[in-house]
Engineer: 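This structure is in structure tokens; I'll ask about it shortly.
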Protein chains: 2
Amino acid sequence: MGNTFYITNPTNEDLNNFINLYIERYILILLARCKVFYEGRAKSQLEEGDRLIIIKPDGTFLIHKDKKREPVNWQPPGSKIFWSIERDCLILNSIRRKPREELKVVISRVYHACAFKCEDYEELNLTGSESEMAEMIFKNPNLIEEGFIPISREYQIPTGIIDILGKDKDNRWVILELKRRRADLQAISQLKRYVEYFKNKYGEYRVRGILVAPSLTIGAEKLLKEENLEFKKLNPPKGGKRNLNHNVKSKKTAVLDEWL
Amino acid sequence: MGNTFYITNPTNEDLNNFINLYIERYILILLARCKVFYEGRAKSQLEEGDRLIIIKPDGTFLIHKDKKREPVNWQPPGSKIFWSIERDCLILNSIRRKPREELKVVISRVYHACAFKCEDYEELNLTGSESEMAEMIFKNPNLIEEGFIPISREYQIPTGIIDILGKDKDNRWVILELKRRRADLQAISQLKRYVEYFKNKYGEYRVRGILVAPSLTIGAEKLLKEENLEFKKLNPPKGGKRNLNHNVKSKKTAVLDEWL
DNA sequence: GAATTGATATCGCGT
DNA sequence: ACGCGATGTCAATTC
């Protein structure tokens with residue numbers, strides 16, 4: 001199958017041809033010795049060493065060291081690439097327009113280069129997100145409390161977007177802030193910001209704020225109590241087969257037997 | 001130089017040997033057709049397609065589609081990898097202990113595999129960060145205002161960590177919240193949280209809060225004014241040669257002529 | 001190990 | 001294009 005090509009210990013001329021052939025259509029992978037310079041929102045330099053360089057057809061540019069999940073330098077999708085040979089080095093230049101950012105890689109040696117034509121028509125199907133928590137609450141409002149009525153989802157106010165706005169059995173406004181994982185100080189501040197806006201509009205005693213999350217950090221719990229906000233423990237749903245398929249566009253393949 | 005090895009269109013036996021030889025010592029790169037299953041903090045599946053798979057010696061596991069900066073699935077450093085051949089497929093299993101997370105890749109075809117021994121002793125040298133803004137303010141407090149005296153950096157209170165705590169010319173407490181980029185609603189809430197704690201302690205009129213950033217979002221600007229907080233426009237310093245070297249451990253190489 | 005925050009955060013969804 | 005918030009955020013630092 002002709003979807004992968006490679007060269008090993010190429011000359012600069014070989015490299016130039018290789019890049020010309022495959023750039024912007026294939027994923028390009030370089031195992032190379034290089035220096036890296038970045039300037040844009042910040043500025044950095046990285047002295048010479050061996051790194052893994054990836055250039056995707058969408059303009060994504062990644063430089064990985066042999067450690068960590070994060071690339072040491074990068075450019076996002078949409079960046080434009082330029083290259084040249086100077087002083088016996090291959091120079092890669094990736095430019096982002098807005099904000100203006102430039103990533104320059106000076107490659108002294110390429111050990112191995114591959115080009116890979118990715119045929120991939122599938123999208124990730126994820127469950128256990130905050131938006132699935134919201135759906136669950138709308139379907140079964142009693143998960144929050146007896147008599148809770150959800151009214152609006154992602155309700156916009158000047159100070160942000162309320163996850164779920166509803167009313168309780170005594171007709172008070174209820175503002176829900178959802179977190180799919182342990183909630184921190186920032187989550188409490190966010191909820192407080194929304195509650196304050198509503199209290200200014202409808203009066204102190206007509207508004208409640210409830211943080212909905214699996215748990216709270218210590219600091220968050222203290223602040224929550226001081227601010228007279230409430231907490232409702234709730235885990236995000238991690239659907240089995242049925243829920244996993246909730247957002248699936250294609251259902252071609254069944255989940256592996258072993259997986260369940 | 002024997003730091004890179006590769007096989008093309010390998011049999012499962014070839015692959016098994018290849019992985020055995022290089023895993024945990026080399027960066028392994030697979031260009032492959034695969035399905036991916038993840039379960040841990042959330043849960044996902046990805047149906048069959050071509051992807052780039054990277055396994056670093058530190059346990060980092062990355063699966064990249066041909067688009068976007070982010071891997072579609074991953075495991076962080078420290079994850080443990082297991083592999084086997086089942087039903088004519090290579091199965092890669094990467095396990096993280098805390099939180100318990102499992103990433104399973106079912107590979108039906110490997111087009112090309114490389115192993116790369118990365119020799120890299122250099123660390124990234126970055127300038128233009130928030131911590132450099134703080135240093136700049138300590139060195140030249142007048143950047144904030146005439147008579148400002150910084151007292152403490154990263155001062156901890158129950159509701160968080162104050163970037164810079166100081167006093168103004170009238171001996172009022174001044175709380176600075178720094179942002180290296182445009183500040184949003186969240187930044188204002190954060191500053192407000194700190195200011196409220198100090199006002200409770202020292203009284204309404206003995207405390208000021210100043211957001212220090214290059215700019216504000218519209219919503220942030222409105223909320224800032226409503227809350228009687230202040231704004232001081234300041235850009236993070238992106239050092240030239242001198243500042244660039246501020247945190248440098250090794251100064252082996254000079255910045256490329258062309259770069260400056 | 002828990003908590004807190006920064007990041008060249010990236011990404012997606014609104015207006 | 002800008003504003004805003006979620007993310008399996010990651011990674012560093014401090015307690």
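Here is the naming used below: chain letters follow the sequence lines, and residue numbers restart at 1 for every chain. Side-chain atoms are counted along with the backbone in the values below, which use heavy atoms only and exclude waters and symmetry mates.
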Engineer: Could you work out, with side-chain hydrogen bond (donor to acceptor under 3.5 Å, both in side chains) as the rule, every residue matching A/Glu24, not counting sequence neighbours?
Structural biologist: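 For A/Glu24, the residues satisfying side-chain hydrogen bond (donor to acceptor under 3.5 Å, both in side chains) (neighbours in sequence not counted) are A/Lys80.
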Engineer: Identify which nucleotide among D/dG8, C/dT5, C/dT8 has an atom closest to any side-chain atom of A/Tyr38, counting heavy atoms from C-beta outward.
Structural biologist: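 Among D/dG8, C/dT5, C/dT8, the one nearest the side chain of A/Tyr38 is C/dT8.
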Engineer: Can you name the residues that form a side-chain hydrogen bond (donor to acceptor under 3.5 Å, both in side chains) with B/Trp83, not counting sequence neighbours?
Structural biologist: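 So B/Trp83 forms a side-chain hydrogen bond (donor to acceptor under 3.5 Å, both in side chains) with B/Asn16.
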Engineer: Tabulate protein N/O versus nucleotide N/O from nucleotides 11-15 of chain C, keeping only pairs under 3.5 Å, one per line.
Structural biologist:
unit_1: C/dC11; atom_1: OP1; unit_2: B/Arg69; atom_2: N; d: 2.7
unit_1: C/dC11; atom_1: OP1; unit_2: B/Glu70; atom_2: N; d: 3.4
unit_1: C/dG12; atom_1: OP1; unit_2: B/Lys68; atom_2: NZ; d: 3.1
unit_1: C/dG12; atom_1: OP2; unit_2: B/Lys68; atom_2: NZ; d: 2.7

Engineer: Tell me which residues in residues 175-186 of chain B lie within less than 4.0 Å of DNA chain C, going by non-hydrogen atoms.
Structural biologist: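 Output list: B/Glu177, B/Lys179, B/Arg180, B/Arg181.
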Engineer: May I ask you to list the residues of residues 210-234 of chain A, by number, that have any heavy atom positioned under 4.0 Å from an atom of DNA chain D?
Structural biologist: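 Under 4.0 Å from DNA chain D: no residue of residues 210-234 of chain A.
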Engineer: Check this for me: A/Lys199, atom NZ, are more than 12 non-hydrogen atoms of other residues, nucleotides or ligands nearer than 6.0 Å?
Structural biologist: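 Yes.
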Engineer: Should B/Asp66 and A/Lys56 count as an ion pair when the cut-off is N to O under 4.0 Å?
Structural biologist: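 Salt bridge absent between B/Asp66 and A/Lys56.
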Engineer: Is B/Lys233 close to B/Leu216 at the side-chain level, that is, under 4.5 Å between some pair of heavy atoms?
Structural biologist: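 In short, these two side chains do not touch, never coming nearer than 4.5 Å.
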Engineer: Any side-chain donor paired with an acceptor under 3.5 Å for A/Thr127 and A/Glu132?
Structural biologist: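 Yes - a donor-acceptor pair under 3.5 Å links their side chains.
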Engineer: Does A/Arg33 pair with A/Asp50 as a salt bridge, N-O distance under 4.0 Å?
Structural biologist: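 So A/Arg33 pairs with A/Asp50 through a salt bridge.
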Engineer: Indicate the ring-plane relationship of B/Tyr155 and B/Phe198, choosing parallel, tilted or perpendicular according to the 30° and 60° boundaries.
Structural biologist: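 B/Tyr155 and B/Phe198: perpendicular rings.
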Engineer: Just jot down the side chain to side chain contact (heavy atoms under 4.5 Å, CB included) partners of A/Asp163, sequence neighbours excluded, or say none.
Structural biologist: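 In terms of side chain to side chain contact (heavy atoms under 4.5 Å, CB included), with neighbours along the sequence ignored, A/Asp163 is linked to A/Glu130, A/Glu177, A/Leu178.
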